Amino acid sequence: MGEERMGDCWSYTKDQFDNLEKHTQWGIEYLEKYTKFVKERSEIETSYAKQIRNLSKKYQPKKNSREEEESKYTFCRAFLTTLNELNDYAGQHEVIAENLTSQIISELSRYLAELKAERKSHFHDGRKAQQHVESSWKQLESSKRRFERDCKEADRAQQYFEKMDADINVTKADVEKRSSHKARQQAQMRHQMAADSKSDYSTYLQKFNQEQNEHYFTVIPNIFQKLQEMEEKRIERIGVCMKTFADVDRQVLPIVGKCLDGMTKAAESIEPKTDSQQVVESYKSGFEPPGDVEFEDYGQAMKRTASETSLSRETKEKPVSKSKGKLWPFIKNKNKLSLKLGSGPEDFSHLPPEQRRKKLQGKLDDLNKDIQKEMDQRDALTKMKDVYVKNPQMGDPASVDPRLSEIGQNIEKLQFEVQKFEGWLAEVEERMPSKSDTHRRSGLYETQNNTTVSNNCAQDRESPDGSYTEEQNSETQVKANINPVPNTNPVPTSTTPEFDDEFDDEETLPTIGTCKALYPFEGHNEGTIAVAEGELLYVIEEDKGDGWTRVRRNEEEEGYVPTSYVEVFLETNAKDS
């Protein structure tokens, strides 16, 4: 009964030992699976951060002139802020990936190696203990079988002796006496062997019971306890990692929140009215709107311009514009193309007056700042030179002279640039509608202004496409004495017959093409004709190099307009001639 119970316990314990081995192996595999999960999450965070960064970079404004235009508007600045915050937001996901790798993946990889080694050691000890108990059990079984065999042998020897002894009493033979004696000795020896086997069996039984008790109540429980502690540490470790998994995300939430707050603040900073006003500031041209269109009575007899006096009188009585005023807001300006293609000429003559004035003023402000910086450096170097003069041991005064000379040259260049841009600024301000009527209605600049401009910039200033530019006036002044072109100053009496000859001594000139007015010209000077922006006229005499083109509106009205104010379309035969 005891052997059966012991066998059941052994079988039961052995099964549990195998089950524990399987369970702990599954626990390690589970930890490896969790490590792989965190690794994949880290890779996702890295990939997501990269995609967010690329998205932010893709929509960043390009480094061109358009960027300067976009920066004026609050919604553009808000979007740029959003992109920058999004870039910082991507950085936080990179932090998540880094922390997952360092705080979980790397730690678990090291812990898994330690866990596998510890588990292997415990189960090695368990198998060793099992082998020891099994060996002791085999020794016990062997001694028991030997004891059983010796007892049987002793019984058989005793029975044989007793039989022989009975036969001796009957026969009384000498031979039988000797056989009986021998049988007695054999029986005694067998009994002694049985006694020895019993003693050995008893010893092995006691030893086995002691070792079995120690195995099941000390050795195996200790190993199981260590395995249990190992398993609990593994479970605890995976719990810590799961908490860290959440904390890694939580740690970046304040910064992510700031990024989102920055995006919200940027969105709230958008001001529609301010942006709308920027459109006005960006595209305000400075041109006057056209005047009302008057009724033209074709029923009256035609009056041909006979002299400059009548021409002057007639043009002064006419309104500022006779073009279709309603078309004015929709007229296309060729100069818009030059605005998109590049920065244009140095004097910004490709821009409308108001925009040109702003650009020139901004350039002047920058130049003045540069001059101030150079002057500050000059003052500092001058003081240093004075110190060197008074204290030669601190330095050579002559070593400062080259730099002072260079600064002086820089200041002279900057001052020359300032004079040049001031001349252009004065030029455009005289054309602005906000000036007095005398300046606003003048078709040409005054001679003094022309002189200043020609001194500052002697190059040809006429735009290649015939678009509006104030720079042509220096050329006009040079040609003024060659051709009878009107001037802002009162025309000398000697020029009157020249105009009379041109208008009276020949028949009506034939048209050689057409032209379209790019800008309004008020034409209140003698010999000129008023035109409105977008108006179509006939060309009867092209520009001879003096900056003026002779045009005709109808049979009664003809005169000169600045060539740069119109776009001329000559007929083919006129060009060939």
Side-chain angles (χ1 to χ4, degrees), residues 57 60-74 76-77 80-81 83-85 87-88 91 255 258 262 265-266 269 278 281-282 342-351 354-430 432 448-461 470-471 474:
K57 184 178 179 181
Q60 287 282 347
K62 303 297 184 292
K63 300 295 182 182
N64 52 28
S65 57
R66 184 63 183 169
E67 180 185 5
E68 182 180 353
E69 293 296 322
E70 290 183 355
S71 63
K72 295 178 182 178
Y73 302 105
T74 59
C76 292
R77 293 197 298 268
L80 179 59
T81 301
L83 292 176
N84 294 333
E85 294 291 353
N87 192 60
D88 295 340
I255 301 178
K258 289 182 180 179
K265 188 176 180 181
S269 69
Q278 282 296 332
E281 292 297 325
S282 297
S343 58
E346 183 186 12
D347 62 348
F348 306 107
S349 59
H350 62 294
L351 298 174
E354 176 65 22
Q355 301 303 316
R356 185 185 182 200
R357 183 187 66 78
K358 290 181 180 179
K359 290 287 186 181
L360 290 172
Q361 187 61 55
K363 186 70 175 178
L364 277 172
D365 293 341
D366 294 340
L367 289 171
N368 286 326
K369 290 179 182 178
D370 293 340
I371 290 175
Q372 187 60 46
K373 289 180 181 178
E374 295 289 339
M375 293 178 69
D376 292 341
Q377 291 186 26
R378 184 181 63 183
D379 294 342
L381 288 173
T382 302
K383 291 180 181 179
M384 183 185 296
K385 183 176 181 180
D386 293 340
V387 172
Y388 288 169
V389 170
K390 295 178 182 179
N391 303 282
Q393 68 276 8
M394 296 182 67
D396 182 12
S399 63
V400 185
D401 292 337
R403 179 58 182 157
L404 284 174
S405 176
E406 181 183 350
I407 292 176
Q409 294 175 1
N410 293 341
I411 292 176
E412 289 180 4
K413 291 178 182 178
L414 291 170
Q415 288 175 342
F416 176 77
E417 290 290 318
V418 167
Q419 292 176 2
K420 183 167 64 175
F421 280 94
E422 283 178 345
W424 288 331
L425 182 61
E427 186 178 297
V428 73
E429 284 180 344
E430 290 194 1
M432 295 296 293
Q448 294 83 348
N449 188 36
N450 288 329
T451 304
T452 304
V453 176
S454 61
N455 288 338
N456 287 338
C457 186
Q459 69 267 28
D460 183 10
R461 298 176 185 171
E470 291 87 342
E471 297 173 353
S474 60

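When reading the values below, keep in mind they use all heavy atoms of this one structure, side chains included, and skip hydrogens, waters and symmetry mates. Remember, predicted model here, so these are calculated numbers, not experimental data.
To the nearest 0.5 Å, atoms CE (Met384) and CG (Leu404) are separated by 9.5 Å. In this structure, Asn410 CG and Lys373 NZ are separated by 13.0 Å, a value rounded to the nearest 0.5 Å. Atom NZ of Lys369 sits about 11.5 Å away from atom CD of Gln372, to the nearest 0.5 Å. To the nearest 0.5 angstrom, Asp379 atom CG is 9.5 Å from Ile407 atom CD1.
Asp386 pairs by the side-chain contact (heavy atoms from CB on, under 4.5 Å) definition with Thr382, not counting sequence neighbours. Partners of Asp366 under the side chain to side chain donor-acceptor pair (under 3.5 Å) rule, at least two apart in sequence or in another chain, do not exist in this structure. In terms of the side chain to side chain donor-acceptor pair (under 3.5 Å) criterion, residue partners of Glu417 (sequence neighbours excluded) are, by chain and number, Lys420. Under the rule for a side-chain contact (heavy atoms from CB on, under 4.5 Å), the partners of Asn368 that lie at least two apart in sequence or sit in another chain are Ile371, Val418. The salt bridge (Lys or Arg N to Asp or Glu O under 4.0 Å) test applied to Arg403 returns Glu406, not counting sequence neighbours. Residues passing the side-chain contact (heavy atoms from CB on, under 4.5 Å) test with Thr74 are Arg77, Ile270, Glu271, Thr274, Asp275, sequence neighbours excluded. Residues satisfying the side chain to side chain donor-acceptor pair (under 3.5 Å) test with Asp365, not counting sequence neighbours, are Gln361. Scored by the side chain to side chain donor-acceptor pair (under 3.5 Å) test, Gln278 finds no partners at all (sequence neighbours excluded). Residues meeting the side-chain contact (heavy atoms from CB on, under 4.5 Å) test with Gln60, sequence neighbours left out: Ser56, Leu80, Leu83, Asn84. Not counting sequence neighbours, Glu374 has no partner by the salt bridge (Lys or Arg N to Asp or Glu O under 4.0 Å) test.
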Taking only distance into account, with no hydrogens and no angle test, what donor-acceptor pairs under 3.5 Å do side-chain atoms of residues 391-402 form with protein atoms, sequence neighbours excluded?
residue: Asn391; atom: ND2; partner: Val387; partner atom: O; Å: 3.4
residue: Asp396; atom: OD1; partner: Ala398; partner atom: N; Å: 3.2
residue: Ser399; atom: OG; partner: Asp396; partner atom: O; Å: 2.5
residue: Asp401; atom: OD1; partner: Lys385; partner atom: NZ; Å: 2.7

